[in-house]
Amino acid sequence: MKRMIHYISKHIVATAVILLWLKTVLVTLFGFDLTTASWLDLVLLILAPIGTLMLFIGCSFFFSNRVRPISLLVVYVLITGLLFANLLYYRFYIDFVTVSVLLQISNVGGLGASTVELLSPFDVFLFIDIFILCWIIFSKEKNQIKMPMKKKYTIASIGLIAFTISLGVIQSPHLLSGYNRDQLVKTLGIYNYQAINMIHGVKAPIEKALSDASDAKSVSQYIKEKPHERTDLFGIAKGKNIVLISLESTQDFVINETVRGEEITPFLNNLIKDSFYFSNIYDQTAQGKTSDAEFMIDTGLYPLPSGSVFVRRPENTFESLPYLLKENGDYTAATFHGNTAEFWNRDQMYRNLGYDHYFSKKYYDVTEENSINYGIKDIPFFEQSMENLTQLPEPYMAKFITLTNHFPFLLDKKDQMIEPANTEVGVVNRYVTTVRYEDAALKRFFQLLKKQDMYKDTLFVIYGDHYGISKKYEAGVHELLNQKATPLNHLELQQVPLIIHIPGQEGRIIETIGGEIDIRATLLHLLGISTENQMSFGHSLFTRDGNHPVIFRDGSMITSDYAYVNNVCYDRSSEKVVNTKSCSPYLEVVRNQLELSDNIILGDLLRFIE
């Protein structure tokens with residue numbers, strides 16, 4: 001034993017690298033749901049962390065012999081912390097931490113009450129090796145840390161990183177675009193991914209500084225070539241008040257679904273009978289979640305691949321929905337949200353988007369009794385909103401952002417209007433109760449509007465902002481719906497409800513495939529506002545071509561016939577894997593549109609367009 005400790009302490013650098021490498025590979029294999037489609041995927045997944053970890057641990061070489069053990073341990077702990085942060089973040093968002101996310105934590109409140117739900121008893125094993133390393137470094141048996149030859153060590157580290165990146169690019173030519181974070185982590189490792197993400201972050205302000213009117217012109221030309229068809233519904237809601245309601249974490253599978261014979265969403269189920277119900281709308285948000293959904297509806301642009309536009313680019317020039325409504329009808333624009341004004345940096349972003357009023361938490365009487373989890377419960381939220389809503393000059397656009405149906409889906413027993421579901425996953429069981437409460441809150445809101453005679457002359461847009469049940473808990477949804485866990489079923493669960501209700505208008509189910517980015521164009525179609533000269537990627541869902549792909553921020557897509565998920569092309573009718581060539585024409589559209597949208601945002605190109 002003494003001889004082993006003596007040997008390890010003499011080779012402490014190698015020991016630290018090996019321990020971190022083993023820990024990283026195990027977390028990547030078992031903590032992240034990354035599919036390996038080939039032997040090369042597996043080789044890269046195992047090989048990728050080594051070079052970067054060698055460089056990280058090599059930072060301790062710059063310190064003196066006396067300080068070096070402490071510096072090595074500090075580096076080791078920081079790397080472990082980064083790995084654990086990514087693990088927690090992945091469990092919640094099925095995504096990886098980026099620098100942008102870390103910088104905006106103060107604006108979004110972090111994980112808050114959700115963190116405890118994300119912890120696992122097995123997490124303790126991520127930290128045991130730190131204590132082992134401490135014991136080895138500071139034991140009485142220790143010798144001075146033996147230094148490898150710095151030059152050879154550095155060359156070997158950089159060589160391994162370069163080799164890994166080269167293999168990755170050969171396998172996936174568009175890898176370094178940064179769109180598909182799963183592919184980046186799987187191919188280049190969690191640490192190289194962080195480095196590439198930082199490079200993209202450094203490039204962002206440079207892009208804005210170097211952009212000019214010629215960049216805007218080329219983007220404008222591409223966007224304006226899209227079709228702008230009209231239907232007999234064009235302008236049927238012209239001049240009406242607009243109420244947009246963002247349903248927190250609400251997925252479409254709850255619509256017309258029952259638990260023990262009871263409807264989860266009885267009010268919405270009844271409302272869609274007299275509404276336009278779009279049954280194939282997909283969540284296209286990225287790391288900005290609710291703010292991304294707002295951004296797409298307000299601007300018709302895609303969210304950024306990293307962080308939230310609300311936080312990263314709140315000072316940009318945007319062709320926003322409030323400004324369009326002011327130009328085409330002298331609308332007043334207001335937002336109602338029971339959280340702090342700074343959450344997602346909304347206070348600054350809303351001003352820039354042209355909102356006249358932002359009724360945030362300070363406008364509500366929030367008490368321990370009427371709040372839970374992230375803030376005021378939905379029923380008192382709508383009730384207390386009425387006072388300010390009734391004071392808005394008409395016509396108005398009023399946006400309401402609900403809160404109660406938020407992970408980890410907590411609700412007081414007295415507010416539960418349906419029994420929890422009976423699946424093996426507690427999160428899913430609780431989700432049913434918070435969605436049911438949200439549904440009752442909507443019913444209450446409509447009652448109040450009718451009582452105030454504010455219902456008939458209003459166009460309602462009700463939409464789910466993003467998924468609520470992440471992949472970690474999806475087994476419970478599959479159990480609830482009696483379906484298999486397949487890549488295509490996972491994709492179908494990314495659908496969110498979209499209901500457009502115009503009092504007096506006959507209801508219709510519209511099965512057109514689309515995404516949240518199409519809500520704005522659809523709304524404008526009903527209001528009789530042309531989209532022909534707008535810098536927007538959305539299409540009216542009344543005329544949208546089913547062969548135009550619904551684009552996801554990671555580079556995935558879905559059309560009427562095909563779906564591209566996890567770098568695999570599927571035929572949707574047979575649900576079988578087909579040659580990637582079948583998806584290639586659509587993937588070219590995906591790459592073009594994401595790149596153009598990013599260029600508009602990061603280059604602030606709309607400032608050059610009159």
Backbone N/O of Asp283 and side chain of Gln494: donor-acceptor pair under 3.5 Å: no
Out of curiosity, Phe267 CZ to Asn270 CG, how far, rounded to the nearest 0.5 Å? 7.5 Å
Would you say CG of Asp453 has more than 12 non-hydrogen atoms from neighbouring residues, nucleotides or ligands within 6.0 angstrom? no
Just by distance, do the side chain of Arg553 and the backbone of Pro303 share a donor-acceptor pair under 3.5 Å? yes
Side chain to side chain contact (heavy atoms under 4.5 Å, CB included) with Lys23: of Thr28, Asp129, Ile128, Ile79, only one passes, and it is Asp129
Decide yes or no for Asp598 and Leu304: does some side-chain heavy atom of the first lie under 4.5 Å from some side-chain heavy atom of the second? yes
Measure the shortest side-chain to side-chain distance between Ile376 and Lys361 over non-hydrogen atoms and say whether it is less than 4.5 angstrom. no
Taking the side chain as everything from C-beta on, heavy atoms only, tell me whether Phe96 gets closer than 4.5 Å to Tyr90. yes
Between Phe542 and His525, what is the ring plane arrangement, given parallel below 30°, perpendicular above 60°, and tilted in between? tilted
Quick check on Lys471: does its NZ atom have over 12 non-hydrogen neighbours (other residues, nucleotides or ligands) under 6.0 Å away? yes
Is the count of non-hydrogen atoms from other residues, nucleotides or ligands lying under 6.0 Å from Glu315 atom CD greater than 12? yes
Is there a donor-acceptor pair closer than 3.5 Å between any side-chain N or O of Asn86 and the backbone N or O of Leu82? yes
Tell me if a side-chain donor or acceptor on Gln251 pairs with a main-chain N or O of Gly468 at a distance below 3.5 Å. yes
For Trp344 and Glu294: C-alpha separation, side-chain torsions, deciding distance, then whether side chain to side chain contact (heavy atoms under 4.5 Å, CB included) applies. CA-CA 11 Å; Trp344 282 122; Glu294 290 186 77; 5.9 Å; no
Derivation and outcome, side chain to side chain contact (heavy atoms under 4.5 Å, CB included), residues Val259 and Leu480: CA-CA 8 Å; Val259 171; Leu480 181 68; 4.1 Å; yes
Taking the side chain as every heavy atom from C-beta outward, state whether Leu493 and Gln483 have any atom pair closer than 4.5 Å. yes
Indicate yes or no for a side-chain donor-acceptor contact from Asp252 to the backbone of Ile281 under 3.5 Å, with no hydrogens or angles considered. no
Quick one: does Lys377's side chain have a donor or acceptor within less than 3.5 Å of a partner on Glu369's backbone? yes
Lys326, NZ: over 12 other non-hydrogen atoms inside 6.0 angstrom: yes
Does any part of the side chain of Gln416, heavy atoms only, come nearer than 4.5 Å to the side chain of Lys413, both counted from C-beta? yes
Which value, rounded to the nearest 0.5 Å, describes the distance between Ile379 atom CD1 and Phe445 atom CZ? 13.0 Å
Ignoring hydrogens, what is the shortest heavy-atom contact between Phe382 and Ala441? Give both atom names and the distance. CD1-O, 3.6 Å
Do His466 and Val496 make a side-chain contact, defined as non-hydrogen atoms from C-beta onward lying under 4.5 Å apart? no
More than 12 heavy atoms from other groups under 6.0 Å of CD on Gln447: yes
Any side-chain donor paired with an acceptor under 3.5 Å for Thr332 and Asp356? no
What heavy-atom pair brings Ala341 and Ser360 nearest, and what distance separates the two atoms? CB-OG, 3.6 Å
Smallest heavy-atom separation, Tyr564 atom then Gly555 atom, equals CD2-O, 4.1 Å
Should the ring pair Phe295 and Phe318 be called parallel, tilted or perpendicular, given that the plane angle runs from 0 to 90° and is split at 30 and 60? perpendicular
Tabulate below the donor-acceptor pairs under 3.5 Å that side-chain atoms of residues 386-397 make, not counting sequence neighbours, or state none.
{"from": "Thr390", "atom 1": "OG1", "to": "Met386", "atom 2": "O", "distance (Å)": "3.1"}
{"from": "Thr390", "atom 1": "OG1", "to": "Glu387", "atom 2": "O", "distance (Å)": "2.8"}
{"from": "Glu394", "atom 1": "OE2", "to": "Asn241", "atom 2": "ND2", "distance (Å)": "3.4"}

Counting N and O atoms only, with roles assigned by atom type, does the side chain of Arg430 sit under 3.5 Å from a partner on the main chain of Pro408, one being a donor and the other an acceptor? yes
Could you go through Phe84 and Phe127, starting from their C-alpha distance and side-chain angles, then the distance that decides it, and tell me whether this counts as ring pair (Phe, Tyr, Trp, His ring centres under 6.0 Å)? CA-CA 9 Å; Phe84 186 55; Phe127 302 96; 5.2 Å; yes
Hey, what do you get for CD1 (Ile558) to CG (Leu491), rounding to the nearest 0.5 Å? 4.0 Å
Separation between CD1 of Ile297 and CG of Leu523, rounded to the nearest 0.5 Å: 9.0 Å
Are His490 and Tyr467 an aromatic pair, judged by ring center distance below 6.0 Å? no
Going by the angle between their ring planes, with limits at 30° and 60°, are Phe381 and Tyr364 parallel, tilted or perpendicular? tilted
Once you round to the nearest 0.5 Å, how far does CG of Leu83 lie from CG of Leu126? 6.0 Å
With under 30° as parallel and over 60° as perpendicular, where do the rings of Phe343 and Tyr374 fit, or are they tilted in between? perpendicular
Atom of Thr265, atom of Asn256 and distance for their closest heavy-atom approach: OG1-N, 3.9 Å
Please report whether the ring centroid of Tyr431 lies less than 6.0 Å from that of Tyr473. no
Find the distance between OG (Ser536) and CG (Asp298) and round it off to the nearest 0.5 Å. 11.5 Å
Between the main-chain N or O of Tyr302 and the side-chain N or O of Gln284, is there a donor-acceptor pair closer than 3.5 Å? no
Output yes when a side-chain donor or acceptor of Asp378 lies under 3.5 Å from a complementary backbone atom of Leu403, and no otherwise. yes
Is it true that atom CZ of Phe125 has more than 12 heavy atoms of other residues, nucleotides or ligands lying nearer than 6.0 Å? no
Compare all side-chain heavy atoms of Ser470 with those of Phe407 and state whether any distance is below 4.5 angstrom. no
Would Asn405 and Tyr437 count as a side chain to side chain contact (heavy atoms under 4.5 Å, CB included) here? Give the steps. CA-CA 8 Å; Asn405 188 45; Tyr437 178 85; over 6 Å; no
Quick one: does any side-chain atom of His406 pair with a main-chain N or O of Ser249 as donor and acceptor, under 3.5 Å? no
Residue pair Thr434 / Asn373, side-chain heavy-atom distance below 4.5 Å: no
What I want to check is whether the side chains of Glu492 and Tyr282 have a donor and an acceptor closer together than 3.5 Å. yes
Is the closest side-chain donor-acceptor distance between Glu438 and Thr250 under 3.5 Å? yes
Which heavy atom in Lys399 sits nearest to a heavy atom in Tyr355, and how many Å separate them? NZ-OH, 3.0 Å
Test side chain to side chain contact (heavy atoms under 4.5 Å, CB included) applied to Asp465 and Asp292, step by step: CA-CA 8 Å; Asp465 60 354; Asp292 281 350; over 6 Å; no
Which heavy atom in Ala421 sits nearest to a heavy atom in Val432, and how many Å separate them? CB-CG2, 3.8 Å
Tell me, please, which residues at least two apart from His357 pass ring pair (Phe, Tyr, Trp, His ring centres under 6.0 Å). Phe359
